[in-house]
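Data first, discussion second: the structure below is written as structure tokens.
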Amino acid sequence: MKKYLTLLLSLLVAVVAFADDVTAARDLARRVLGDRAGEFEFRLAPKGDADAFTISADGGKVVISGNNANSMAVGLNHYLKYLCNTELGWYKDARFTLPEVLPLPAEPISVKARVDNRFFLNYCTFGYTMPWWKWEDWEHLIDWMALNGVNLPLAITGQESIWYKVWTELGIPDEEVRAYFTGPSHLPWHRMTNMDAWQGPLPQSWLDGQLELQQKITARERELNMRPVLPAFAGHVPEGLKKIYPDAKISKLSPWQAFTNETACSLLDPMDPLFPVIQKKFLEKQAELYGTDHIYGIDVFNEVQPPSWEPEYLGRVSRQVYDSLIAADPDATWLQMTWLFYHNKNWTPERIKAYITSFDAKRQLLLDYYCERQEVWQRTDKFHGVPFIWCYLGNFGGNTMLVGNIATVNERVENTVANGGDGFRGVGSTLEGFDCNPFMHQYVFEKAWDFDTHKNLAEWTPALADRRVGRTDAHGRKAWQLLIDSVYVAYSSPGQCPMVNVRPCFGKYKTRYANPRIKYDNRVLISVLDEMLAAEGVGDTYAYDLTNITRQLLSNYFLTSFRLYEKAYNAGDRAEMNRRKAEMLSILRDLDTLLATQSAFLTGKWIDDARSWGVTDAEKDYYESNARNLITTWGDADKPLNDYASRTWQGLVSTFYMPRWQMFFDAVDSAMDRGVKFGDKADDPEFLAYKKRVCDFEKNWWRYRVGSFPATPQGDSREVAATLLAKYRDAIAAQPTPKE
């Protein structure tokens, strides 16, 4: 009887699992495909030793089989990309077109995962892209993640809602806790122990709304077989905690990135007995409200100087953090970024080893964060056996540049698969912001699956072209071959942005994070656009790419025109200066018209999304100022992070970048009229006055909400791109791109 009941229970569990996975896949298909979802059938396959899917045909339907809902989603995406020449973008308004009659595979297509873990997101993405997202945005992105096989997403929304409960229960007053948090778009850097208070306090309505949102996010991610990576305690505490626990070892860190002492963080020593108490309290409350998959992100020293660089100390700290985590959740795994090992050269091999090997390797997972530039696993003896994920970063600050070293990514992932050892456990995308090169991140997730196409770029590129153009087209294929061969050849760097976005100056750039770094001749993009416009393209991705590439073409030529303006200035040629000045202002106006055609490039949408979180008019204005601040001065004007998150967006170009350039042109003309050399001279009151005007303008733009902008697209991308190519073709063709 007992044996019979056990068998019955097993069968019931199997039926429930079948219903859950298949239902989740069907529901995703309905959200993505609408009425066409009925033309697909989803079946649960045996679990096997790795994730896998099969695409086949049965009774006139496309059948997607997989060992779980996530694998079925990847199978569906593979079918859409390689049999229907289409793909789904990551924004909620993304649309695509299916063939009237779905193609049926002649033979079953079976693909198996090469790695168990597919990680996505970055702390910074929650500031540069997603701070204002509602459930509709997240629901779509989670579907996109499932389609691309992500099963280990960073899930840090709403953690302040938990911390608020922890800190107030420990006796810190309500307003003091909310003032400890930064404004919404700056929360990632509060979470990484970089800054407190900047543009706080957070409204209570924000905390309530984010808690509800995170509950929906984590529930849906788990439904699609993802393990959300939740936060845990890394030692960051409110300064007021010292009043309640005067004996606790709490130290004030140095200000981060030239911010003031008022924003400097306080850190509780992991070896203090209060540390495990707070760890347990936070994790219990978080699990109560968001559940847990027992994997937690903790980054103790990210862009922060440890109190000591002694290897013994570093090992002791990491062991103590681990012990506190295991005491709170015996099944815990600690996930952490290795950005700090790349970013700070004080992390020598000896110190890294001490820090990551002081506790059980099986209970941790490292993100090798910026592998397209430097693979830390290569210089640390494969992280000394600690499991790691190979990650492509690809974007800093949400900057808008065509950039990505796809051939290197291909070679390095394949080499890691072959030589990374037993510790190699997955691939990931750690982008700081959703940028203008989405295919690069989709490509990285394809590398997680064992099929031949992505391993050979000569074979993969035509398939990419077909789905970006929306159909098989010789012109589209030629355009994308040019892009892959000539443009996507270099890694992204911090501050890599068009000259349009740079605070104007002659000679060396005066702002730290501002350099175009163009590695190709801009005239290549003329050929690309000629081919793109000759293609019979259809769909959202085709229109997006036309706008995106034209934006880069004009932005690159703006740099050319500026260098010619600078050359004329040095020669004292006022006529040529005026001609180039008029040309640059014309480019800026044309860029604004072009960018208005795409929702993803609208400042108005960013601002409207921010205001939508406000309950009162005062809250709406607060969120708008915070949203404007991040994408312009970042913090205070004329500090190192100024323009770090610059974007060539409609609205920013016309009301922020263009007035700034006009101020520069006026100041140069004034200096020439006075017979003095324009430059950064402490003894030139005219120049100092100009510099103050620029800083005041930048601060006023976000503080007083200068300008209003459309939040919905206007105009036809193809028509505008064709008009602007014709307008600038001859001028661009006549000039090589300056080497930056």
Side-chain angles (χ1 to χ4, degrees), residues 13-34 37 40-48 50-55 62-81 87-92 94 111-113 115-121 125 130 133-158 213-230 290-295 335 389 426-429 441-442 444-446 448-449:
V13 170
V15 169
V16 170
F18 173 85
D20 286 346
D21 281 314
V22 171
T23 299
R26 285 175 183 160
D27 288 347
L28 181 150
R30 278 193 288 268
R31 291 190 297 270
V32 171
L33 304 174
F40 293 81
E41 182 177 332
F42 296 92
R43 298 175 182 173
L44 189 66
K47 293 298 179 185
D51 288 344
F53 64 83
T54 297
I55 306 167
V62 178
V63 178
I64 311 289
S65 304
N67 64 303
N68 56 38
N70 194 276
S71 297
M72 292 181 221
V74 180
L76 174 60
N77 197 33
H78 190 93
Y79 172 81
L80 295 174
K81 291 195 296 185
E87 65 180 42
L88 185 71
W90 43 28
Y91 294 115
K92 70 177 180 182
V111 179
K112 190 175 182 179
V115 291
D116 294 334
N117 299 295
R118 285 89 67 180
F119 178 84
F120 188 50
L121 295 174
T125 329
M130 303 181 299
W133 279 19
K134 298 289 183 66
W135 170 239
E136 293 78 13
D137 301 280
W138 271 105
E139 182 174 47
H140 181 88
L141 179 68
I142 294 168
D143 286 344
W144 181 94
M145 289 195 290
L147 289 166
N148 286 275
V150 172
N151 61 5
L152 200 63
L154 189 63
I156 57 173
T157 300
L213 180 59
Q214 175 73 337
Q215 288 177 325
K216 292 179 179 178
I217 290 169
T218 52
R220 179 60 57 78
E221 288 176 344
R222 291 181 181 119
E223 181 182 312
L224 291 166
N225 310 118
M226 301 179 195
R227 292 183 296 149
V229 178
L230 298 173
Y290 301 151
T292 183
D293 292 86
H294 311 289
I295 183 161
L335 178 142
I389 294 176
V427 298
S429 166
H441 305 278
Q442 293 167 338
V444 168
F445 289 123
E446 284 198 20
W449 298 84

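The side-chain heavy atoms of F445 and F119, taken from C-beta on, include no pair separated by under 4.5 Å. Counting only heavy atoms from C-beta outward, the side chains of I217 and W135 approach each other to under 4.5 Å. Residues L141 and F120 are in side-chain contact: their nearest non-hydrogen atoms beyond the backbone lie under 4.5 Å apart. Residues D137 and M130 have side chains not in contact (no heavy-atom distance under 4.5 Å, counting atoms from C-beta outward). You'll find the side chain of V63 stays beyond 4.5 Å of the side chain of I55, heavy atoms only.
Under the rule for a salt bridge (Lys or Arg N to Asp or Glu O under 4.0 Å), the partners of R220 that lie at least two apart in sequence or sit in another chain are E139, E223. Scored by the side chain to side chain donor-acceptor pair (under 3.5 Å) test, T125 finds no partners at all (sequence neighbours excluded). Considering only residues two or more places apart in sequence or on other chains, T54 meets the side chain to side chain donor-acceptor pair (under 3.5 Å) condition with S110. Residues passing the side-chain contact (heavy atoms from CB on, under 4.5 Å) test with H441, sequence neighbours excluded: W90, Y392, S429, L431, D435. By the salt bridge (Lys or Arg N to Asp or Glu O under 4.0 Å) test, D27 pairs with R30, sequence neighbours left out. Residues passing the salt bridge (Lys or Arg N to Asp or Glu O under 4.0 Å) test with E221: none are found, sequence neighbours excluded. Among residues two or more places apart in sequence or in another chain, the salt bridge (Lys or Arg N to Asp or Glu O under 4.0 Å) test is passed with K134 by none. Partners of A29 under the side-chain contact (heavy atoms from CB on, under 4.5 Å) rule, at least two apart in sequence or in another chain, are L33, A37, F42, L76. Residues meeting the side-chain contact (heavy atoms from CB on, under 4.5 Å) test with E446, sequence neighbours left out: K81, Y82, F451, H454, W460, R467. Evaluation of the side chain to side chain donor-acceptor pair (under 3.5 Å) rule for T218 yields no partner, not counting sequence neighbours. Under the rule for a side-chain contact (heavy atoms from CB on, under 4.5 Å), the partners of D51 that lie at least two apart in sequence or sit in another chain are N67, N68, S71, A113, R118, N151, W449. In this view, K216 satisfies the side chain to side chain donor-acceptor pair (under 3.5 Å) rule with no residue, not counting sequence neighbours.
How far CG of N70 is from CG of L28: 9.5 Å, rounded to the nearest 0.5 Å. Considering CE of M72 and CG of L147, their distance stands at 13.5 Å, rounded to 0.5 Å. For the atom pair CD1 (I389) and CG (N117), the distance works out to 4.5 Å, reported to the nearest 0.5 Å. Taking CH2 of W144 as the start and CG of L88 as the end, the distance is 9.5 Å to the nearest 0.5 Å. To the nearest 0.5 Å, the span separating CE on M145 from CH2 on W138 amounts to 6.0 Å. To the nearest 0.5 Å, atom CD1 of residue I295 and atom CG of residue L335 are 5.0 Å apart.
Note: H78 and F53 meet the aromatic proximity criterion, with ring centroids under 6.0 Å apart.
Taking all atoms of both residues into account, the shortest heavy-atom contact from A146 to A73 is O-CB, 3.4 Å. V427 approaches A448 most closely through the heavy-atom pair CG2-CB, 3.7 Å. Counting all heavy atoms, side chain and backbone alike, H140 lies closest to K92 at CG-CA, 3.5 Å. Closest of all the heavy-atom pairs between R222 and G291 is NH2-C, 3.3 Å. Residue P153 comes nearest to M226 through the heavy atom pair CD-CB, 3.8 Å, listed as atom of the first residue, atom of the second, then distance.
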Might you work through the side-chain contact (heavy atoms from CB on, under 4.5 Å) test for Y290 and Q215, ending with a clear yes or no?
CA-CA 5 Å; Y290 301 151; Q215 288 177 325; 3.7 Å; yes
Step by step, work out the side-chain contact (heavy atoms from CB on, under 4.5 Å) result for R43 and I64.
CA-CA 6 Å; R43 298 175 182 173; I64 311 289; over 6 Å; no
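Considering D293, L121, D116, V229 in turn, V229 is the only one that fulfils the side-chain contact (heavy atoms from CB on, under 4.5 Å) rule with L152.
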